[in-house]
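Worksheet: the structure to be examined is printed underneath.
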2 protein chains.
Amino acid sequence: MDNDRPIINALRTKGYRATAQRIAISRSALTNRAHPSARQIYNEVRGAHPTVSLATVYKTLQVLRELNLVQELSFPDEEARFDPYMRPHLNLICQRCRKAIDVEDKAAREVVNAASKARFNVTGLRIDVYGICQKCGRRA
Amino acid sequence: MDNDRPIINALRTKGYRATAQRIAISRSALTNRAHPSARQIYNEVRGAHPTVSLATVYKTLQVLRELNLVQELSFPDEEARFDPYMRPHLNLICQRCRKAIDVEDKAAREVVNAASKARFNVTGLRIDVYGICQKCGRRA
DNA sequence: ATGCTTGCAAATCCTTTGCATAGTC
DNA sequence: GACTATGCAAAGGATTTGCAAGCAT
């Protein structure tokens with residue numbers, strides 16, 4: 001895939017080698033906007049790379065984290081999920097269907113501003129809103 | 001302690017028994033504003049209850065979660081931390097000293113409003129701002 | 001060629017669970 | 001007294017690690 005160029009370059013800037021597994025895992029992680037878990041990415045990638053291991057998926061996700069291409073979201077009682085949307089945003093996470101959607105809203109930036117006002121030097125952000133999404137609420 | 005009355009009542013409303021351990025653990029968890037981990041609470045409580053077990057601490061924290069008295073915050077590569085501040089707020093979490101402080105700011109409510117606007121029925125909220133606190137920044 | 005990466009399996013760490021005993025209501 | 005909670009040890013589950021063999025550069 002020719003669109004793998006940016007991934008390959010990003011990996012190489014920090015000295016990481018662009019292996020087929022890393023490219024496939026990165027493609028999956030950076031493309032999937034449903035906040036997948038490592039295991040879900042693993043299952044996706046296995047289609048094209050049947051021999052890939054879950055360990056490699058975890059290792060690659062750590063690399064992507066280091067490259068600031070994904071954020072890891074940990075939850076109580078659940079696997080961690082990975083979000084490739086790196087601009088300030090809200091995660092709307094439905095308690096019923098478990099789906100998560102990213103919403104860009106000025107409220108996100110106001111959170112950053114509020115922290116800055118408190119003389120806090122902001123480097124990262126996580127805004128989760130939990131509840132019931134429109135679709136699930138409808139068929140309550 | 002006479003101020004344990006509210007804790008005792010809260011436990012009983014849902015049919016939980018007010019044992020000495022639960023009261024001590026609850027007191028610690030609801031009082032400590034540093035977002036302690038289960039182990040830190042355990043260590044605090046051991047002063048007064050040397051025989052308490054970590055398992056009981058975990059179990060009690062789940063009870064407090066069910067009673068909506070604390071929120072559990074999971075992190076990658078770290079133990080979960082517990083926050084008894086249940087109104088909408090920002091967690092400013094210092095990457096250097098690991099301290100976390102709660103900040104009430106209207107930005108928190110704007111996040112809720114933004115979610116509501118997206119037809120999302122809000123039941124919970126977590127806003128983490130990561131960075132370097134004033135104290136740590138000063139001695140950079 | 002050199003050295004990073006993979007995949008497997010074993011290890012780790014946090015958290016939960018099972019169960020006999022002790023305590024609450 | 002009936003039933004829940006405790007404390008211990010063992011289990012569980014997600015994630016990480018060690019290592020020999022396989023690739024990228």
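Numbers restart at 1 for each chain; the letters A, B, ... are given by sequence-line order, proteins then strands. No hydrogens, no waters, no symmetry mates; every other heavy atom, side chains included, goes into these values.
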Practice task
Taking only Lys NZ, Arg NE, NH1 and NH2, and the carboxylate oxygens of Asp or Glu, determine whether B/Lys106 and A/Glu110 approach each other closer than 4.0 Å.
Solution key: no

Exercise for the section: May I ask you to decide whether A/Arg22 forms a salt bridge with A/Asp4, counting only side-chain N to carboxylate O separations under 4.0 Å? Expected result: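 Salt bridge absent between A/Arg22 and A/Asp4.
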
Count I, L, V, M, F, W, Y as connected when their side-chain heavy atoms are under 4.5 Å apart, and connections chain through other members. Are [X] and [Y] then in the same cluster?
| X | Y | value |
| --- | --- | --- |
| B/Leu73 | B/Val103 | no |
| A/Leu69 | A/Ile23 | no |
| B/Ile8 | B/Leu64 | no |

Practice task
Going 5' to 3' through nucleotides 16-25 of chain C, assign each nucleotide B (protein heavy atom under 4.0 Å from a base atom), S (under 4.0 Å only from sugar-phosphate atoms) or - (no protein heavy atom that close).
Solution key: BBB----BBS

Exercise for the section: With heavy atoms under 4.0 Å as the rule, sort A/Thr51 into base, sugar-phosphate or nothing. Expected result: sugar-phosphate

Atom pair distance, as rounded to whole Å: [atom1] in [X] and [atom2] in [N]:
| X | N | atom1 | atom2 | result |
| --- | --- | --- | --- | --- |
| A/Leu61 | D/dA14 | CG | P | 15 Å |
| A/His49 | C/dG7 | NE2 | P | 9 Å |
| A/Ile41 | D/dT15 | CD1 | C1' | 14 Å |
| A/Phe82 | D/dT15 | CZ | P | 7 Å |
| A/Leu11 | D/dT25 | CG | C1' | 14 Å |
| B/Lys14 | D/dT4 | NZ | P | 17 Å |
| B/Leu73 | C/dT15 | CG | C1' | 16 Å |
| B/Asn43 | C/dC14 | CG | P | 13 Å |

Exercise for the section: Flag yes if more than 12 heavy atoms outside A/Arg119 fall under 6.0 Å of its CZ atom; otherwise flag no. Expected result: no

Exercise for the section: Give the C-alpha distance, both sets of side-chain angles, the deciding distance and a yes or no for salt bridge (Lys or Arg N to Asp or Glu O under 4.0 Å) between A/Asp83 and A/Arg81. Expected result: CA-CA 7 Å; A/Asp83 187 354; A/Arg81 298 169 69 168; over 6 Å; no

Handout entry: the helix from C/dA1-D/dT25 to C/dC25-D/dG1: angle between end helix axes, five pairs per end, rounded to 10 degrees
Key = 50°

Completion exercise
Tested for side chain to side chain contact (heavy atoms under 4.5 Å, CB included) against B/Tyr42, the lone hit among B/Thr56, B/Ile25, B/Val57 is B/Val57

Practice task
Examine C/dG7: is either OP1 or OP2 under 4.0 Å from a nitrogen or oxygen in the side chain of A/Gln21? Give yes or no.
Solution key: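 For A/Gln21, the contact criterion (side-chain N or O under 4.0 Å from OP1 or OP2 of C/dG7) is met.
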
Practice task
May I ask you to evaluate whether A/Arg39 reaches the phosphate of D/dA14, defined as a side-chain N or O under 4.0 Å from OP1 or OP2?
Solution key: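 So the side chain of A/Arg39 is outside the cut-off, no N or O lying under 4.0 Å from OP1 or OP2 of D/dA14.
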
Handout entry: Side chains of A/Asp102 and A/Leu90 in contact at under 4.5 Å (non-hydrogen atoms)
Key =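 SC-SC contact between A/Asp102 and A/Leu90 ruled out.
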
